[in-house]
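To start, the structure itself, in structure tokens.
We name chains A, B, ... by the order of the sequence lines, and we start the count at 1 in each one.
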Amino acid sequence: MAIALVDANNFYVSCERVFRPDLEGRPVVVLSNNDGCVVARSAEVKALGVVMGTPWFQLQKLAKREGIIALSSNYSLYADMSNRMMGILSTFSPIQEVYSIDECFLDLRGVAQDRLFHMGQAARQRVLQWVGLPVGVGIAATKTLAKLANHVAKKMPEYAGVCVWDDLAEGDQQRLLQQLPVSEVWGVGRQWTTRLQETGIQTVWDLRQTDPALMRKRFSILMERSIRELRGEPCIAMVDIPPPRQEIQSSRSFGRPVTSAEELGEAISLYTVKAAYKLRRQGSVAGALRVFINTSPFQAHLPQYHAARTIALNHPSQDTRVFLQAGRLALAEMYRSGLAYAKAGVHLLEITSADALQADLFTSAEDEARANQLMITLDRVNARFGSGTLQPGVAGLQEPRGWAMKRGNKSPAYTTRWADLARAKLE
DNA sequence: TCTGGGGTCCTAGGACCC
DNA sequence: TCTGGGGTCCTAGGACCC
């Protein structure tokens, strides 16, 4: 039984560097929407002690002194690079679980133990050569151990990017576990780390030595699972085909404070359009939607207001218009004037398969078929001519929208837009 | 001046039922 | 004055992940 975890180093930064080789060896960060926080750091930036999630404005001085280059996030580029990387890795196993944009698990059961290291090396080489992304590989008997092995492969140069846990002598394994802080364990976050430390559990080794049943009582079944996995007992199965989402959200912080009900309504309508599209793409219907509007928690001197409303639909739907209407009602109820709103969003809830949907007692089959056809047409037009080609007027017609997010340093869509296509300079 | 977005899962506790 | 026991379902909140 062996599972590999493959993930890219500083994924977003590495994607940018593929098209900007001049960024190699220089300190680079990628920023979140609105150029707000650091969400990816090159090794050079990590070495400067910049932590994940640092607000960019707090780094101005350091950035100037050290020459840090900041790029706005370019998610369509990263998604495309991710697809290419995952495609290559999928050839190494019939069972691949794409766990996030930059990492996947591969089921390597049946591969002889003495072949695993070579296989890890091959995967690494191929991704680097074919798409230009550096990846690390950890291979072990459980997902949790594979995660740890991956960490070891990246942190310790002698492993050259690939660590096969069961190739290590028992004494070496113990020594590594005793070096790693318990916070490195997959599933152990900030709160749990504090609670564990309070009871004297500092290292991964310490956690491994605890009694799983007792820890389940003190924490939860998730803790028990993690401990068992650390001991080499698989508890977390591979998920080959991703199940449909149970919740779909769309939300954004605004590029500037928003005060008027009109602008707020535009924003919420736009997020509703996006969420409904995601819903249809996975073949689902939603039975309820939740809308929220928030002021900025960082502007403590201004009046704060956080409001949310959940609206249950009479009948589960995938019709953008139904959600728009419900969303507008919710907003009208919540809206208070005289406040500086910083963020709004829409969640679609109670999601089920469109195939299993019961007929609506109060809508004729004909009307429903027409509505479905309208949505199919809408999605087709937008797929062909670009998203936003056709959309409800309530989402706002004026471009650019005043409240839209700021992305000052966005790179071109090198791989997904003809005009931006990367090409070698001939001269 | 400037602080992201999108998910899953588990548990506790209340409402309700017999 | 005295006020059971056991079960299910739902939701909010909190933890985690990237």
Side-chain angles (χ1 to χ4, degrees), chain A residues 5 7-8 10-12 29-41 50-61 63 70 72-75 78-79 82 97-105 143-144 147 150-151 182-196 216-226 235-237 239 242-257 271 274-275 278-279 282 287-288 290 292 294-302 306 308 310 312 340 342-351 404-409:
Chain A
L5 175 76
D7 78 343
N10 337 312
F11 181 63
Y12 297 168
V29 295
V30 172
L31 304 176
S32 65
N33 286 335
N34 284 317
D35 296 340
C37 300
V38 171
V39 292
R41 307 157 293 160
V50 174
V51 297
M52 193 72 162
T54 308
W56 174 233
F57 75 89
Q58 286 176 4
L59 287 176
Q60 295 308 310
K61 253 192 188 158
S72 309
S73 41
N74 185 346
Y75 289 108
Y78 309 148
S82 173
E97 175 181 343
V98 176
Y99 181 66
S100 75
I101 192 161
D102 76 327
E103 66 188 296
C104 70
F105 291 102
K143 284 180 162 180
T144 304
K147 276 268 196 185
N150 177 284
H151 178 78
V182 73
S183 57
E184 269 324 312
V185 176
W186 188 39
V188 175
R190 280 228 321 267
Q191 305 294 321
W192 282 11
T193 297
T194 312
R195 279 177 63 192
L196 287 168
R216 175 184 184 154
K217 270 187 214 145
R218 284 205 205 144
F219 290 83
S220 83
I221 192 172
L222 300 173
M223 181 64 91
E224 178 182 12
R225 245 173 33 178
S226 292
C235 301
I236 307 172
V239 183
R245 300 269 174 241
Q246 300 172 29
E247 263 174 42
I248 290 173
Q249 326 185 1
S250 177
S251 67
R252 290 283 180 283
S253 298
F254 302 128
R256 62 156 167 79
Y271 306 152
K274 286 178 189 288
K278 286 191 217 168
L279 181 75
Q282 70 164 25
R290 185 170 177 83
F292 71 86
N294 289 340
T295 53
S296 169
F298 302 106
Q299 305 293 311
H301 59 284
L302 294 178
H306 289 214
T310 305
K343 183 174 180 177
V346 174
H347 294 188
L348 299 181
L349 309 166
E350 290 170 31
I351 290 174
M405 61 189 179
K406 292 176 291 198
R407 288 201 287 199
N409 304 308

Between A/Trp56 and A/Ser250, just flag the one whose closest nucleotide in DNA chain B comes earlier from the 5' side.
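The 5'-side residue here is A/Trp56.
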Go nucleotide by nucleotide along DNA chain B from the 5' end; which of A/Val39 and A/Pro244 gets its closest nucleotide reached first?
A/Val39
Answer yes or no: does a side-chain N or O of [X] lie under 4.0 Å from OP1 or OP2 of [N]?
{"X": "A/Ser253", "N": "B/dT3", "value": "no"}
{"X": "A/Lys343", "N": "B/dG5", "value": "yes"}
{"X": "A/Gln299", "N": "B/dT1", "value": "no"}
{"X": "A/Gln60", "N": "B/dT1", "value": "no"}

Checking A/Ser251 now: which residues fulfil side chain to side chain contact (heavy atoms under 4.5 Å, CB included) with it, not counting sequence neighbours?
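Here the qualifying residues are A/Phe292, A/Lys343.
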Let me know the distance between [atom1] of [X] and [atom2] of [N], rounded to the nearest Å.
{"X": "A/Asp35", "N": "B/dC2", "atom1": "CG", "atom2": "P", "result": "14 Å"}
{"X": "A/Arg225", "N": "B/dC9", "atom1": "CZ", "atom2": "P", "result": "9 Å"}
{"X": "A/Glu97", "N": "B/dT8", "atom1": "CD", "atom2": "C1'", "result": "12 Å"}
{"X": "A/Arg256", "N": "B/dT3", "atom1": "CZ", "atom2": "P", "result": "14 Å"}

Reading nucleotides 10-18 of chain C 5' to 3', which nucleotides get B (base under 4.0 Å from a protein heavy atom), which S (sugar-phosphate only), which -?
-----SSSS
Taking pairing as Watson-Crick or G-U wobble with both contacts under 3.5 Å, can you name the mate of B/dC18, or confirm there isn't one?
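Pairing partner, where one exists within any strand: C/dG5.
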So which nucleotide from B/dT3, B/dT8, B/dG6 ends up closest to the side chain of A/Phe298?
B/dT3
